[in-house]
Asker: 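Attaching a single structure in structure tokens format; questions to follow.
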Number of protein chains: 2
Amino acid sequence: MNIGAASTASGVSAKMIRHYEAIGLLRPAARRDNAYRDYADGDVHELRFVRRARKLGFSIDEIAGLLALWRDEERPSRDVRRIAQVHLADLETRIAEMQAMAATLRTLVHACHGDDRPHCPILDDLAAEPPRVARPS
Amino acid sequence: MNIGAASTASGVSAKMIRHYEAIGLLRPAARRDNAYRDYADGDVHELRFVRRARKLGFSIDEIAGLLALWRDEERPSRDVRRIAQVHLADLETRIAEMQAMAATLRTLVHACHGDDRPHCPILDDLAAEPPRVARPS
DNA sequence: TCTTGACCTTCCAATGATGGGAAGGTGTAG
DNA sequence: CTACACCTTCCCATCATTGGAAGGTCAAGA
């Protein structure tokens, strides 16, 4: 199977398949006489694994770990769970940060008339002096 | 005021101040005889504006627009509001995507025993065949 | 047989926001 | 005079992905 077919079958772009190989996430593909990469069904399965993990937001490093565990029939599920938990906590932190941003923005957008007049609470907020937090020497 | 003082006063790192100047977000700073950048209070105010906007997740391009509007005493607040609204919608989309990831992950982490045994629903999910979506030719 | 077009190869570069660090000039206090 | 803190520019790295150039390969049709 050429890289194009593997790409179609897995949903991972050919560009990314080569990239994943280059950075060592995937083992070097078999080559035909013409130097074309040659993929088997198992490889496509791995590519789909990677794609699904990316869709869940795992980093390449994390996926490398997950792939290694997946290949190891004896892995303790604890190891897999730990990776997933760390990533989940990470996601939750970032979601909370973005929700804080969104909440502030919603308030500001709501407060802004959004008409011809120049007065704008959004700019007022952006330009505001930062609150002088009490910082005991 | 040297760049270090402006950095301390604004909360924007000296590195980033130079960067913002290099990419054209900020006007080239005044220079002293020794070629050191020289900042006035107004510049620090602008830097704080940029910092606050970054904290709300605005992109550099969006901040460029906001800065221009801020400088223009005659701007219609509508223009500001539109930028903020687009960004807010963007944030909400990304939050929803991440929440979908997190929800899936929570389910999987919950389903995984996380012990010595190799069986792991997390890997099972990642390795699952993608649902064959009906795709009427 | 020749051409066309769809594939494949490698290599280089860009994205966006930020940081690290090198190599060298400047300012000030001891 | 010497430290040391500051400043300058320049290059490189991150992370995941995409775009493109320059060139090789293969199959089908005239």
Side-chain angles (χ1 to χ4, degrees), chain A residues 1-26 28-39 43-44 47 49-67 86-87 90-91 93-94 97-98 101, chain B residues 1-26 28-40 43-44 47-67 83 86-87 90-91 94 97-98 101:
Chain A
M1 198 185 327
N2 279 348
I3 198 172
S7 169
T8 302
S10 67
V12 181
S13 75
K15 211 81 174 161
M16 288 312 297
I17 297 177
R18 294 195 196 94
H19 178 63
Y20 289 153
E21 181 184 321
I23 63 176
L25 177 64
L26 302 174
R31 299 290 184 134
R32 293 179 174 267
D33 287 347
N34 55 14
Y36 285 15
R37 287 177 180 79
D38 190 19
Y39 295 93
D43 299 320
V44 171
L47 285 169
F49 182 99
V50 172
R51 172 161 159 273
R52 172 86 176 121
R54 282 297 301 142
K55 269 203 176 172
L56 287 178
F58 286 101
S59 72
I60 298 294
D61 270 4
E62 287 166 334
I63 295 175
L66 292 171
L67 260 183
V86 167
H87 173 50
D90 212 71
L91 263 184
T93 300
R94 283 186 290 151
E97 287 168 358
M98 294 173 70
M101 291 181 192
Chain B
M1 199 185 325
N2 280 348
I3 197 171
S7 169
T8 302
S10 67
V12 181
S13 74
K15 213 78 174 163
M16 289 312 299
I17 296 178
R18 294 195 196 94
H19 179 65
Y20 290 153
E21 182 183 321
I23 63 177
L25 177 63
L26 302 175
R31 300 289 184 134
R32 292 180 176 268
D33 287 347
N34 54 14
Y36 285 16
R37 288 177 181 78
D38 189 20
Y39 295 92
D43 300 319
V44 171
L47 285 169
R48 272 201 290 252
F49 182 98
V50 171
R51 171 161 160 274
R52 173 83 177 123
R54 283 296 304 141
K55 270 204 176 171
L56 288 178
F58 285 101
S59 71
I60 299 293
D61 270 4
E62 288 166 332
I63 295 175
L66 291 171
L67 259 183
I83 294 179
V86 167
H87 174 50
D90 212 73
L91 263 183
R94 284 188 289 151
E97 286 168 358
M98 295 175 70
M101 292 181 191

Asker: Between dA17(C) atom P and Leu47(B) atom CG, what is the distance in whole Å?
Answerer: 16 Å

Asker: Which heavy atom of Arg54(A) sits nearest a heavy atom of Phe58(A), and at what distance?
Answerer: NH1-O, 2.6 Å

Asker: Phosphate oxygens OP1/OP2 of dT18(D): is one of them under 4.0 Å from a side-chain N or O of Ser13(A)?
Answerer: yes

Asker: Side-chain N or O of Arg18(B) less than 4.0 angstrom from OP1 or OP2 on dT8(D)?
Answerer: yes

Asker: Separation of Asp33(B) atom CG from dT26(C) atom C1', in whole Å?
Answerer: 12 Å

Asker: Among dT9(C), dC6(D), dA17(C), which nucleotide sits nearest the side chain of Arg31(A)?
Answerer: dT9(C)

Asker: Taking for each residue the nucleotide of DNA chain D bearing the nearest heavy atom, is the 5' side occupied by Tyr36(A) or by Ala35(B)?
Answerer: Ala35(B)

Asker: When the distance from CD1 of Ile3(A) to C1' of dT10(C) is rounded to whole Å, what number comes out?
Answerer: 12 Å

Asker: Can you tell me if the side-chain N/O atoms of Arg32(A) get under 4.0 Å from OP1 or OP2 in dG24(D)?
Answerer: no

Asker: Ignoring backbone atoms, establish whether Arg37(B) has a side-chain N or O less than 4.0 Å from OP1 or OP2 of dC7(D).
Answerer: no

Asker: How many angstroms lie between CG in Leu47(A) and CG in Leu26(A), if you round to the nearest 0.5 Å?
Answerer: 6.0 Å

Asker: Grab the CG-P distance between Asp38(B) and dT26(C) for me, whole Å please.
Answerer: 17 Å

Asker: Nearest to the side chain of Asn34(B), which nucleotide is it out of dC8(C), dG27(C), dT10(C)?
Answerer: dG27(C)

Asker: Hey, is the side chain of Tyr20(B) poking within less than 4.0 Å of OP1 or OP2 on dA17(C), counting only N and O atoms?
Answerer: no

Asker: Go through the steps to decide whether Asp38(A) and Asp43(A) satisfy the test side chain to side chain contact (heavy atoms under 4.5 Å, CB included), and finish with yes or no.
Answerer: CA-CA 9 Å; Asp38(A) 190 19; Asp43(A) 299 320; over 6 Å; no

Asker: I need the CZ-P distance between Arg94(A) and dC15(D), as an integer number of Å.
Answerer: 13 Å

Asker: What is the separation between atom CD1 on Ile23(B) and atom P on dT15(C), rounded to the nearest whole Å?
Answerer: 11 Å

Asker: Out of curiosity, Ile63(A) CD1 to Arg51(A) CZ, how far, rounded to the nearest 0.5 Å?
Answerer: 12.0 Å

Asker: dC11(C) P sits how many Å from Glu21(A) CD, rounded?
Answerer: 12 Å

Asker: With heavy-atom distances below 4.5 Å as the criterion, would you say the side chains of Ile3(B) and Tyr36(B) are in contact?
Answerer: no

Asker: Measure the distance from CG on Leu25(A) to C1' on dA16(D) and round it to the nearest whole Å.
Answerer: 12 Å

Asker: Between dC10(D), dC11(C), dT25(D), spot the one nearest the side chain of Lys15(B), thanks.
Answerer: dC10(D)

